[in-house]
Amino acid sequence: MKASAKIDAGVCGFKTRVTAETRDGMNVDLRIGSDCETIKELGKRIKARNPINAFQELTPIAESVVLGICRPVLQKKGCCEACVVPAAICKTMQVAANLALPKDVVVELTRK
């Protein structure tokens with residue numbers, strides 16, 4: 001099964017594309033492309049850990065592999081810890097492994 005996501009990260013203006021593919025329904029290969037240099041770095045590090053066990057990511061005994069890679073890279077680069085890309089990577093992986101349905105996630109932000 002294969003799943004993909006297009007992510008518009010918000011005010012930074014960067015776009016990211018995530019592709020997740022599994023042959024056995026559990027171990028997922030992730031490919032990430034982005035305009036953002038930080039996300040490109042995340043993509044390289046995640047690719048080096050492929051395949052990632054989607055079942056383990058859903059209920060990790062230790063920290064999630066994906067989030068464990070993302071957090072220090074975002075911190076080191078001085079990026080926003082609230083970046084939506086890591087969560088979108090996780091959701092795309094879940095859809096590829098049939099652990100989630102392919103439904104858009106929407107966050108509408110307003111200031112009042």
Side-chain angles (χ1 to χ4, degrees):
M1 168 112 10
K2 190 174 187 177
S4 63
K6 294 185 288 185
I7 303 135
D8 179 341
V11 72
C12 67
F14 293 120
K15 310 281 191 251
T16 299
R17 177 83 176 186
V18 177
T19 303
E21 188 167 10
T22 180
R23 293 176 190 218
D24 64 5
M26 183 171 71
N27 297 296
V28 180
D29 287 318
L30 293 165
R31 291 183 302 284
I32 300 162
S34 183
D35 301 335
C36 174
E37 291 301 318
T38 301
I39 300 303
K40 286 180 186 177
E41 178 66 25
L42 293 178
K44 288 179 194 174
R45 292 183 186 204
I46 289 171
K47 184 178 179 182
R49 295 290 301 269
N50 280 336
I52 296 172
N53 182 323
F55 286 62
Q56 181 61 41
E57 290 292 288
L58 190 61
T59 56
I61 295 168
E63 182 171 32
S64 152
V65 170
V66 172
L67 297 180
I69 290 169
C70 293
R71 188 177 333 281
V73 172
L74 292 174
Q75 289 171 337
K76 182 178 180 185
K77 300 279 187 172
C79 292
C80 179
E81 285 266 346
C83 178
V84 300
V85 173
I89 294 168
C90 292
K91 280 296 180 189
T92 307
M93 177 176 49
Q94 290 172 1
V95 171
N98 274 327
L99 297 172
L101 295 172
K103 175 78 172 117
D104 289 347
V105 175
V106 178
V107 177
E108 293 184 25
L109 301 171
T110 61
R111 182 179 289 166
K112 295 184 181 199

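Here the structure is a predicted model, which means the values were calculated and not measured.
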inquiry  = Can you tell me how far apart CD1 (I69) and NZ (K44) are? Round to the nearest 0.5 Å.
reply    = 14.0 Å
inquiry  = Hydrophobic clusters here meaning ILVMFWY residues chained together by side-chain heavy-atom distances under 4.5 Å, can you tell me if I32 and V95 are in one?
reply    = no
task = Taking side-chain contact (heavy atoms from CB on, under 4.5 Å) as the test, write out the residues that go with A88, two or more places apart.
result = I7
A97 versus A54, closest heavy-atom pair with distance = CB-CB, 3.6 Å
Would you be so kind as to tabulate the donor-acceptor pairs closer than 3.5 Å made by side chains of residues 24-31, with sequence neighbours excluded?
unit_1 : atom_1 : unit_2 : atom_2 : d
D24    : OD1    : T22    : OG1    : 3.1
D24    : OD1    : M26    : N      : 2.8
D24    : OD1    : N27    : N      : 2.8
D24    : OD2    : N27    : ND2    : 2.8

note = On a heavy-atom basis, the closest approach of N98 and M1 is ND2-CE, 3.7 Å
Minimum heavy-atom distance I46-C70, with the two atoms named = CD1-SG, 4.4 Å
message = Checking R23 now: which residues fulfil salt bridge (Lys or Arg N to Asp or Glu O under 4.0 Å) with it, not counting sequence neighbours?
response = none
request  = Only pairs at least two apart or in different chains count here, so list each salt bridge (Lys or Arg N to Asp or Glu O under 4.0 Å) that has a residue in residues 67-76.
outcome  = E63-R71
message = Rounded to the nearest 0.5 Å, what separates atom CG in L42 from atom CG in L74?
response = 5.5 Å
request  = Please name all residues satisfying side chain to side chain donor-acceptor pair (under 3.5 Å) with T19, sequence neighbours left out, ordered by chain then number.
outcome  = none
inquiry  = Tell me if a side-chain donor or acceptor on E57 pairs with a main-chain N or O of V66 at a distance below 3.5 Å.
reply    = yes
key: Connected via hydrophobic side-chain network under 4.5 Å: V18 and F14   = no
Ignoring hydrogens and angles, write down the donor-acceptor pairs under 3.5 Å from the side chains of residues 33-41, residues two or more places apart or on other chains.
unit_1 : atom_1 : unit_2 : atom_2 : d
S34    : OG     : K15    : O      : 3.1
S34    : OG     : T16    : OG1    : 2.9
S34    : OG     : C36    : N      : 3.0
E37    : OE2    : K40    : NZ     : 3.2
E41    : OE2    : R45    : NE     : 2.7
E41    : OE2    : R45    : NH2    : 3.4

Please tabulate, for the side chains in residues 99-112, all donor-acceptor contacts under 3.5 angstrom to protein atoms that are two or more places apart in sequence or on a different chain.
none

